[in-house]
Amino acid sequence: AAGGGGGIALANAGSSTTLADLALVTRNAAHGDGGGLHVSLGASIVLEGAARVRDNEAGDAGGGARGESGATRTMLSSARVANCSSRSGGGVSVAGDGSRVVLDDDVRVEFNNATGARNGLLGHGGGVCVSKNASLDVLARSAIANVKTSLGTSRPFTALAVSFFH
């Protein structure tokens, strides 16, 4: 996609969708944010029932998924975000007041890469990048692991796996 949301883009307040029962968002690319999914302007998305976001790429943030501008994205019940890459937030990127990601009930964000390959910037959050007053909740057997940034490979829940900044 020329902008954001190579696979799925939601950008209307109150709009929502659910990906369930082994839904697959794979092999998409976005020049901007959200290679697989881009959720903004108050929209929300729920991934459940072993939904998969894999092998996606974004030119800017959120190789697998990007939430911004008051978006709420919730991943539930064995969802996976894997093998995605972007400049920051290789797996998931969330930014902006009111934007929130909840990883609940055995969610895995793994094997993602933040390249940082623009203007000499370092890659932040190979697994998840949280910025600009957004929030992240990691609950019930969920994990962010086996990620790479331009700084190297990380162990679960290190600064390389999850980056928080303003």
What's the shortest heavy-atom distance between Gly6 and Ala30, and which atoms?
N-CB, 3.7 Å
Would you call Asp137-Arg100 a salt bridge at under 4.0 Å N-O?
yes
I'd like to know whether Glu68 forms a side chain to side chain contact (heavy atoms under 4.5 Å, CB included) with His38, so could you lay out the CA-CA distance, the side-chain angles of the two residues, the decisive distance to 0.1 Å, and finally the verdict.
CA-CA 8 Å; Glu68 63 185 338; His38 187 259; 2.7 Å; yes
Over all heavy atoms of both residues, which pair between Val130 and Ser135 is shortest? Give the atoms and the distance, please.
CG1-N, 4.0 Å
Minimum heavy-atom distance between Gly34 and Ala58, given as atom pair plus value
N-CB, 3.8 Å
Could you go through Arg52 and Thr26, starting from their C-alpha distance and side-chain angles, then the distance that decides it, and tell me whether this counts as side chain to side chain contact (heavy atoms under 4.5 Å, CB included)?
CA-CA 8 Å; Arg52 302 287 191 260; Thr26 186; over 6 Å; no
Enumerate donor-acceptor pairs with a distance under 3.5 Å from any side-chain N or O in residues 76-84 to protein atoms, sequence neighbours excluded.
from  : atom 1 : to     : atom 2 : distance (Å)
Arg80 : NH1    : Ser78  : O      : 3.2
Arg80 : NH1    : Asp106 : O      : 2.8

Calculate, to the nearest 0.5 Å, the distance between atoms NE2 and CG belonging to His31 and Asp60 respectively.
7.0 Å
Residues clustering with Val102 (ILVMFWY side chains joined when closer than 4.5 Å, directly or via others):
Leu139
One should read off an interatomic distance between Ile144 CD1 and Leu136 CG, to the nearest 0.5 angstrom, of 5.5 Å
For Gly90, is there any backbone N or O sitting under 3.5 Å from a side-chain donor or acceptor partner on Ser85?
no
Hey, could you give me each pair passing salt bridge (Lys or Arg N to Asp or Glu O under 4.0 Å) that has a residue in residues 33-45? Not counting sequence neighbours.
Asp33-Arg66
Are Leu47 and Leu37 packed together at the side-chain level, in the sense that at least one heavy-atom pair is separated by less than 4.5 angstrom?
yes
Of all heavy-atom pairs between Gly62 and Ser86, which one has the smallest distance, and what is that distance?
N-OG, 3.3 Å
I would like to know whether Leu41 and Asn12 meet side chain to side chain contact (heavy atoms under 4.5 Å, CB included); could you show each step before the answer?
CA-CA 6 Å; Leu41 302 173; Asn12 293 315; over 6 Å; no
Side-chain heavy atoms under 4.5 angstrom apart, residues restricted to Ile, Leu, Val, Met, Phe, Trp, Tyr: same cluster for Val138 and Val128?
yes
First locate atom CD of Glu57, then atom CZ of Arg87, and finally report the distance between them rounded to the nearest 0.5 Å.
13.0 Å
Path from Val46 to Leu24 over hydrophobic side-chain contacts below 4.5 Å
no
The reported gap from OG in Ser142 to CG in Asp105 (rounded to nearest 0.5 angstrom) is 7.0 Å
Show the nearest heavy-atom pair for residues Asn56 and Gly35, with the distance to one decimal.
CB-C, 3.9 Å
Any chance you could lay out the side chain to side chain contact (heavy atoms under 4.5 Å, CB included) test for Ile45 and Thr18, step after step, and finish with the verdict?
CA-CA 6 Å; Ile45 191 164; Thr18 299; over 6 Å; no
Please say whether more than 12 non-hydrogen atoms of neighbouring residues, nucleotides or ligands are located less than 6.0 Å from CZ in Arg141.
yes
Nearest-0.5 Å distance that lies between atom CE in Met75 and atom CZ in Arg108:
13.5 Å
Closest non-hydrogen atom pair between Thr72 and Gly98, with its separation
OG1-O, 4.2 Å
Separation of Ser93 OG from Asn112 CG (nearest 0.5 Å):
12.0 Å
